[in-house]
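Here the structure is laid out as structure tokens; the discussion comes afterwards.
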Amino acid sequence: MSLRYLTAGETHGPQLTAIIEGLPSNLKIDFEALNFQLLRRQKGYGRGRRMQIEKDTATIAGGVRHGYTTGAPVALIVENNDWKHWQNIMNIEPIEGSDEEKRRVHRPRPGHADLNGGLKYNLKDLRNVLERSSARETAIRVACGAMARQLLEHFGIKIAGHVIRIGEIEAPPHNLSLDELREVTEQSSVRVVDAETEKKMEAYIDQIKQDGDSIGGIVECIVEGVPVGLGSHVQYDRKLDGRIAQAVMSINAFKGVEIGIGFEAGTIPGSKVHDEILYSEERGYYRATNRLGGFEGGMTNGMPLVVRGVMKPIPTLYKPLQSVDIDTKEAFTAQVERSDACAVPAASVVLESVVAWEVAKAFLEKFGGDSIEEIERNVKSYQEQLENY
Ligand SMILES: Cc1cc2nc3c(=O)[nH]c(=O)nc-3n(C[C@H](O)[C@H](O)[C@H](O)COP(=O)(O)O)c2cc1C
């Protein structure tokens, strides 16, 4: 059975829920590490009040016993700490009251799912769309990704992520190791590698906020320790770079994805794009460079995976854009409740999480077994095959 998950729940509902199917038994679960990932998603300069209310934690409600997975589906829950204020508005039973009291939404926000979802599902209260399309759902995806990371880490595969651009401000290149990158960016309010860029980005976000606007950016994720041969060249839907691209594009507000040098590959000659193959007793086959970001032919090549995604500016603006009321068909300028000006640092954590998931899924396809011990045997046998090749 391949690894999969589904999520349910609304942004202001009682909880977000996920069921993960396909994790092997006997994986030791680090509960602190799980909640650490949720905390990371909530941090970041430029975020609004909800992040202070939230303080997300995940509860495991199935599939783990005495600290280890049992092989049964894992049920994850992230509660909404602000539920008491939303019980009526989000009640599953019919409630009495005016549109105002029900917080009915009839003014679709540009850049959101509101209008398309209302038309498609024939919903006259656009709250039924926005509640589910909200990026709050990424909290439970980060929780699923945290479980995937624990599986990967058991096999020596590590992930880091960082912000490389917010609007006009670009982070300089760095030569930090993956562990250093993790450490340094964890201390940064905007998840960048150096303090000067951090200051510039903070000031830039302040300015954007003052202007009633919002800003997007570019985030990067690196995965180290990935064995050669995850994914496959033989079928379109088994190409792991393609599957990662889909996962990245599924993150709210992501509008593009790059692997390795990405779009730059279309601007320079082949001799400056492809990575030459080398061999040494110690490392086996490896590449002289890693411009292709760890992928050739839809398969991992043993080099670190490098995945970048671009996030558009948050669509809810304090300086409102024009839209049309679905009741009156009249134009109005969208009024704003409350929103972040920039969620790029948080998006970097979501990127890491979805990439972790796809790599874990491909890892289990290659080495799949019902228990950790069985997978360990499969990994060992493959390593022997590689050594004797
Ligand atoms: C971590 C994160 C936080 C977000 N926060 C907000 C927000 O506070 N306000 C908002 O309007 N959009 C926010 N978004 C973006 C919207 O969820 C997204 O643009 C919207 O659902 C429409 O989807 P699309 O942009 O993928 O088409 C956020 C996205 C992410 C990844």
Side-chain angles (χ1 to χ4, degrees), residues 7 9-12 16 37-54 56 78 80 82 105 107-121 126-146 161-163 165-167 189-191 205 208-209 212-221 245-257 307-321 323 333-355 357:
T7 77
E10 282 72 36
T11 181
H12 296 110
L16 293 164
Q37 293 304 329
L38 287 170
L39 187 71
R40 293 178 75 221
R41 191 198 72 98
Q42 293 188 276
K43 293 203 285 193
Y45 201 80
R47 306 209 72 189
R49 203 173 71 87
R50 183 155 191 200
M51 289 307 116
Q52 281 121 52
I53 307 170
E54 275 178 9
D56 287 329
V78 176
N80 172 10
D82 201 27
V105 175
R107 296 181 150 188
R109 300 160 305 163
H112 274 283
D114 303 358
L115 183 58
N116 305 335
L119 291 168
K120 177 178 164 68
Y121 288 92
L126 302 178
R127 177 164 299 284
N128 290 323
V129 180
L130 77 84
E131 283 287 334
R132 180 63 188 159
S133 70
S134 157
R136 168 80 184 142
E137 195 260 355
T138 60
I140 195 77
R141 295 182 75 185
V142 166
C144 292
H162 63 131
V163 170
R165 174 180 282 278
I166 290 181
S189 65
V190 281
R191 296 200 173 280
I205 294 168
I208 290 283
K209 210 170 176 174
D213 220 324
S214 62
I215 193 72
I218 301 176
V219 289
E220 181 177 84
C221 164
Q246 196 281 329
V248 175
M249 287 299 289
S250 79
I251 305 171
N252 306 50
F254 273 58
K255 293 295 135 195
V257 54
V307 180
R308 266 188 299 278
V310 58
M311 183 187 191
K312 75 180 183 184
I314 276 171
T316 309
L317 307 180
Y318 285 93
K319 190 173 64 189
L321 296 171
S323 179
T333 32
Q335 89 270 18
V336 177
E337 291 176 27
R338 157 182 95 193
S339 185
D340 302 340
C342 175
V344 176
S348 132
V349 178
V350 183
L351 175 75
E352 287 175 45
S353 307
V354 304
V355 171
W357 184 267

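Everything quoted here is computed from the prediction, not taken from an experiment. All ligand and atom numbering here is 1-based and tracks the order in the structure.
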Open item on the list: For the 3.5 Å polar cut-off, considering only N or O atoms, please tell me whether Ser134 and ligand 1 meet it.
Closed with: no
TODO: Would you check if Ile314 and Cys342 make a side-chain contact, meaning some heavy-atom pair closer than 4.5 Å?
DONE: no
Task: All side chain to side chain donor-acceptor pair (under 3.5 Å) counterparts of Glu137, not counting sequence neighbours - done: Thr7
- [ ] In plain terms, say whether Asp56 and Arg136 are close enough for a salt bridge, that is, a side-chain N and a carboxylate O under 4.0 Å apart.
- [x] yes
Open item on the list: Judged on heavy-atom distance to atom 27 (O) of ligand 1, which of Arg132, His112, Lys255 sits nearest?
Closed with: Lys255
Open item on the list: Below the 3.5 angstrom mark, is there an N/O of Ala253, backbone or side chain, next to an N/O of ligand 1?
Closed with: yes
TODO: Mind checking salt bridge (Lys or Arg N to Asp or Glu O under 4.0 Å) for Arg308 and listing every partner two or more places apart, or none if nothing turns up?
DONE: Glu220, Glu258
- [ ] Verify whether one side chain among Ser134 and His112 offers a donor that lies under 3.5 Å from an acceptor in the other.
- [x] no
Open item on the list: Could you check whether Arg141 and Ser250, counting side-chain N and O atoms only, form a donor-acceptor pair closer than 3.5 Å?
Closed with: yes
Open item on the list: Distance under 4.0 Å to a non-hydrogen atom of Lys312: what atoms of ligand 1 satisfy this?
Closed with: 19 (O), 24 (P), 25 (O), 27 (O)
- [ ] Enumerate the atoms of ligand 1 whose separation from the nearest heavy atom of Ser133 is less than 4.0 angstrom.
- [x] 21 (O)
Open item on the list: Yes or no: does Arg109 have any heavy atom under 4.0 Å from an atom of ligand 1?
Closed with: no
Open item on the list: Using a 3.5 Å cut-off on N or O atoms only, is Thr316 in polar contact with ligand 1?
Closed with: yes
